[in-house]
Amino acid sequence: MEDKLLIYNTLTRKKELFKPLHSPNVGMYVCGPTVYGDAHLGHARPAITFDTLFRYLKHLGYKVRYVRNITDVGHLEHDADEGEDKIAKKARLEQLEPMEVVQYYTARYHKAMEALNVLPPSIEPHASGHIIEQIEFVDKILKAGFAYESNGSIYFDVPKYAKQFHYGELSGRNIEETLENTRELDGQDEKHHSVDFALWKKAQPEHIMHWPSPWSEGFPGWHLECSTMSTKYLGEEFDIHGGGMDLMFPHHECEIAQSTAALGHESVHYWMHNNMITINGQKMGKSLGNFITLDEFFTGSHEKLTQAYSPMTIRFFILQAHYRSTVDFSNEALVAAEKGLARLTDTYNRLLRIKPSAATSDNVSVAGLREKCEEAMQDDLNTPIVISHLFDASKSINLITDGKATISEADLAELKSTFEMVVNDILGLRLEGSAAGNNSAYKGAVDLLLEIRKQAKANKDWATSDLIRDKLAALGFSVKDTKDGFEWSL
RNA sequence: GGUCUCUUGGAUGAGUGGCUUAGUCACCGGUCUGCAAAACCGUUUACGGCGGUUCGAAUCCGCCAGAGACCUCCA
């Protein structure tokens with residue numbers, strides 16, 4: 001099998017040819033959500049980006065094991081004076097068992113992902129289900145000498161690690177400078193250095209989520225679950241690790257340090273990071289309070305939204321930008337995406353009805369479409385270019401529908417299969433609202449009405465013709481006349 | 001303050017030395033049409049500022065301006 005996909009590796013800051021460790025098998029780990037609230041547009045970006053990568057790798061013929069975690073422990077809340085677990089806080093506020101919070105938001109996350117046509121990962125491990133493995137991982141780091149115990153908590157010794165390994169290689173940070181620039185800690189801190197981070201934290205009395213360990217009743221540190229679970233399911237070395245750019249430091253840097261300290265070597269070959277979604281030029285995020293949840297997009301129930309946007313519009317909107325660029329949210333941009341998607345949907349439905357001719361005319365360009373799309377995908381998943389090729393194909397399809405061009409049977413088959421492959425399999429866009437729907441009786445009834453209207457038109461009975469169109473329109477159907485007939489959609 | 005990134009036309013968003021006026025949306029003109037919608041054809045506006053390298057720069061380098069991300073308490 002020939003490797004031809006170029007991906008941008010954050011580690012080297014270059015596009016590199018993707019070569020799996022054990023071709024055709026590919027291991028991929030992506031940081032999933034912390035389930036203490038509804039998913040917002042920012043969560044959709046990595047989900048869709050890496051879903052597209054997952055789909056494309058499979059399309060290339062690789063056998064992919066895609067692991068995306070659910071974070072349901074840890075992650076302290078920064079605005080609370082006594083560091084408090086996000087999930088525990090939510091549970092306390094709503095008077096629920098923490099696992100009720102986790103269960104509720106995990107289900108809602110899955111629902112939103114399904115709506116966005118994001119494929120489920122191969123394995124979706126929960127941090128809370130891997131406490132034993134995490135304790136073992138801490139133990140390995142302790143035995144390797146890169147961690148110390150302090151009052152029941154275990155901390156990673158970053159300066160010691162940095163003497164042997166390159167701490168900061170991913171984020172381009174200089175450890176000495178970081179040390180110098182960081183203010184002195186007050187004497188009561190358990191950590192030896194300000195740059196150290198927790199591997200295991202002793203629970204305070206008010207903490208409601210805690211587990212027994214050799215060191216204390218407590219909970220695992222914030223970065224540990226990803227090192228542990230990626231190692232467990234993908235091995236000590238694996239191909240791709242993805243996540244949002246905001247996770248690069250400290251989260252991913254700490255992951256590298258943990259894994260390297262425990263295993264004696266690095267784990268990840270290709271680090272990939274998607275960029276952020278901005279709103280008025282500022283990162284959309286929970287901590288900033290400027291986020292819009294996916295459900296609010298789907299229903300239009302947010303003051304910043306002028307209308308509802310379908311999940312496919314959101315997906316299309318995100319795919320129209322390259323994953324390493326920021327995308328700025330606005331109603332205008334989403335409306336534009338909605339219209340563009342509708343145009344693609346229309347042409348797709350027309351494509352299904354095209355009748356082939358003896359030959360393909362010169363103004364139709366189907367040759368090379370498949371190659372052009374593949375080429376764009378292979379160049380670090382350049383989905384906006386792929387989409388622009390689809391619009392080029394749309395132009396040809398519309399010309400044929402208008403009777404201004406013709407296509408041969410072979411070319412038509414190739415065009416159909418390419419279009420479907422790119423749209424459905426790679427981009428994961430469900431083009432819906434088609435007359436080629438699944439209920440044939442209902443479809444036949446609408447066709448019949450429009451046949452009657454066609455007769456009325458032939459008799460210049462405009463009253464009947466308009467009555468049918470207007471009543472159908474009132475029911476939500478849109479009717480468009482074509483050269484020798486009609487087409488409709490709901 | 002430190003580190004890094006970004007700045008393209010009315011909106012969005014590709015493009016990294018010449019062959020790109022990318023594409024989408026919007027606007028305008030036209031064709032088609034009983035009307036409408038759609039479609040098609042055509043037109044228009046761009047590379048933050050200043051300097052440098054080069055035969056040639058949106059694309060490389062420097063400076064300036066503006067914006068953003070991260071800086072271990074915390075995605």
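Residue numbering restarts at 1 for every chain, and letters A, B, ... go by the order of the sequence lines.
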Item to check | Protein-nucleotide distance (A/Leu351, atom CG; B/A39, atom P), rounded to Å | outcome: 16 Å
Checklist entry - Nearest to the side chain of A/Phe391, which nucleotide is it out of B/G23, B/C71, B/A36? => result B/G23
Checklist entry - Taking the side chain of A/Arg453 as heavy atoms from C-beta outward, which of B/C40, B/A14, B/C35 is closest to it? => result B/C35
Checklist entry - What is the nucleic acid contact for A/Thr278, judged by heavy atoms within less than 4.0 Å: base, sugar-phosphate only, or nothing? => result nothing
Item to check | Test applied, salt bridge (Lys or Arg N to Asp or Glu O under 4.0 Å); reference residue, A/Asp380; option that passes from A/Lys15, A/Arg324, A/Lys14 | outcome: A/Arg324
Next on the checklist: For a quick check, tell me whether the side chain of A/Arg469 and the base of B/A36 share a donor-acceptor pair closer than 3.5 Å.
Outcome noted: yes
Next on the checklist: Applying a 4.0 Å non-hydrogen cut-off, can you work out what A/Lys283 is touching in the nucleic acid: base, sugar-phosphate, or nothing?
Outcome noted: sugar-phosphate
Checklist entry - Can a donor-acceptor pair under 3.5 Å be found between the side-chain atoms of A/Asp481 and the base atoms of B/A36? => result yes
Checklist entry - Between B/C40, B/G34, B/U12, which one does the side chain of A/Asp466 approach most closely? => result B/G34
Item to check | Nucleotide nearest A/Arg343 (side chain, heavy atoms from C-beta), chosen from B/C73, B/A14, B/A39 | outcome: B/A39
Checklist entry - Looking across every strand, which nucleic acid part, if any, lies under 4.0 Å from A/Thr326 by heavy atom: base, sugar-phosphate, or nothing? => result sugar-phosphate
Item to check | Under-4.0 Å salt bridge between A/Arg453 and A/Asp466 | outcome: no
Checklist entry - Which part of the nucleic acid, if any, lies within reach of A/Val335 when heavy atoms closer than 4.0 Å are counted: base, sugar-phosphate only, or nothing? => result nothing
Checklist entry - So what does A/His252 touch, heavy atoms closer than 4.0 Å: a base, only the sugar-phosphate, or nothing? => result nothing
Checklist entry - To the nearest angstrom, how far is A/Tyr167 atom OH from B/C71 atom C1'? => result 11 Å
Item to check | Dot-bracket encoding per residue of RNA chain B, Watson-Crick/G-U cut-off under 3.5 Å, | denoting interstrand | outcome: (((((((..(((.....[....)))..((((.......)))).....(((((..]....))))))))))))....
